[in-house]
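Chain A is the first sequence line, chain B the second, and so forth, proteins listed ahead of strands; every chain is numbered from 1.
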Amino acid sequence: GNSVTQMEGPVTLSEEAFLTINCTYTATGYPSLFWYVQYPGEGLQLLLKATKADDKGSNKGFEATYRKETTSFHLEKGSVQVSDSAVYFCALLIKAAGNKLTFGGGTRVLVKP
Amino acid sequence: NAGVTQTPKFRVLKTGQSMTLLCAQDMNHEYMYWYRQDPGMGLRLIHYSVGEGTTAKGEVPDGYNVSRLKKQNFLLGLESAAPSQTSVYFCASKGKVTQNTEAFFGQGTRLTVV
């Protein structure tokens with residue numbers, strides 16, 4: 001089956017620190033990969049995505065590269081801000097009936113001033 | 001520019017009571033989904049729909065029923081609520097074009113069953 005594994009949080013950082021959240025996946029097929037972000041009290045929003053091997057998704061200073069050889073899609077940001085405090089979800093999708101997203105468990109990130 | 005709207009936002013039920021959660025989307029999306037979010041477990045798919053009049057089971061369908069009588073609405077029903085159904089419920093919708101289209105989420109419904 002399909003599954004996504006993320007590092008457990010919470011991750012606590014100081015402002016301007018470097019952030020990495022690890023994500024690995026198993027999939028029966030060739031998935032597209034996504035990072036979603038959930039700010040407090042809100043639903044999930046798409047942060048970035050990559051649809052094929054070696055693609056790099058980027059948005060709001062965040063980046064993630066689709067690594068097929070290591071089945072990974074790690075999220076990075078070079079200098080975090082307090083406003084980046086949120087829960088981050090890695091997800092995969094394989095074109096099939098329902099186009100269903102499979103999510104990891106989420107990683108809570110807290111950035112302190 | 002509503003996107004995906006869920007009602008209600010909060011609800012407290014007693015064990016054995018029933019209720020319906022409503023999801024409405026105004027983007028003419030084909031696909032709609034109901035997820036539940038529990039601490040440390042991410043989002044788990046309850047039921048989904050690939051178009052008006054269709055529904056299918058997801059990963060954790062037991063204790064829930066759904067209906068998609070109109071393309072824009074996807075209803076999630078709990079016939080006899082149990083404390084294990086205490087969770088935050090999210091609805092999402094997605095266009096049909098390709099597998100790469102973005103899924104849009106509602107703001108969630110926090111349900112407590114006592």
Side-chain angles (χ1 to χ4, degrees), chain A residues 1-11 21 23-25 27-53 55 57 59 66 73 86-108, chain B residues 2-7 9-10 21 23-25 29-51 54-61 66 68 74 87-110:
Chain A
N2 303 323
S3 66
V4 177
T5 302
Q6 292 180 233
M7 58 189 293
E8 290 190 18
V11 175
I21 304 175
C23 171
T24 57
Y25 67 89
T28 54
Y30 196 0
S32 292
L33 301 173
F34 305 83
W35 277 100
Y36 279 82
V37 59
Q38 183 182 30
Y39 298 105
E42 299 184 10
L44 279 70
Q45 305 172 24
L46 180 66
L47 181 59
L48 54 84
K49 67 181 181 183
T51 60
K52 60 183 186 295
D55 267 2
N59 186 25
Y66 189 143
F73 193 52
V87 181
Y88 294 82
F89 292 92
C90 186
L92 68 82
L93 182 149
I94 294 179
K95 187 175 181 180
N99 277 343
K100 302 181 291 294
L101 281 164
T102 299
F103 288 89
T107 302
R108 182 175 299 277
Chain B
V4 179
T5 303
Q6 291 182 232
T7 51
K9 289 184 171 49
F10 303 94
L21 283 67
C23 177
Q25 53 95 3
H29 283 166
E30 293 291 333
Y31 296 94
M32 296 188 74
Y33 311 86
W34 275 108
Y35 290 89
R36 59 178 290 172
Q37 182 182 26
D38 301 295
M41 302 185 74
L43 276 74
R44 293 181 292 168
L45 183 65
I46 304 171
H47 285 281
Y48 65 99
S49 169
V50 302
T54 73
T55 63
K57 294 180 179 180
E59 182 185 357
V60 288
V66 288
R68 183 113 180 258
F74 195 32
S87 188
V88 181
Y89 292 85
F90 285 99
C91 176
S93 72
K94 187 174 179 297
K96 192 177 181 180
V97 178
T98 70
Q99 69 175 3
N100 302 322
T101 57
E102 178 181 351
F104 291 83
F105 284 79
Q107 290 198 319
T109 296
R110 184 174 294 276

Contacting region of A/Gln6 [heavy-atom separation from chain B under 4.5 Å]
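Nothing of A/Gln6, per the 4.5 Å heavy-atom cut-off to chain B.
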Within a radius of less than 6.0 Å around CZ of B/Arg44, do more than 12 heavy atoms belonging to other residues, nucleotides or ligands occur?
yes
Counting heavy atoms not belonging to A/Glu8, are there more than 12 under 6.0 Å from its CD?
no
Using the side-chain contact (heavy atoms from CB on, under 4.5 Å) rule, pick out the option among B/Tyr35, B/Tyr33, B/Tyr48 that qualifies with A/Leu101.
B/Tyr35
Portion of B/Ala56 that has a non-hydrogen atom of chain A nearer than 4.5 angstrom:
neither
Checking B/Gln37 against chain A: side chain, backbone, both or neither under 4.5 Å from a heavy atom?
side chain
Kindly compute the distance separating CG (B/Leu43) from CG (A/Leu44), expressed to the nearest 0.5 Å.
5.5 Å
Please list, chain by chain and in numerical order, all residues satisfying side chain to side chain donor-acceptor pair (under 3.5 Å) with A/Glu42, sequence neighbours excluded.
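Counting only residues at least two positions away or on another chain, A/Glu42 forms a side chain to side chain donor-acceptor pair (under 3.5 Å) with A/Gln45.
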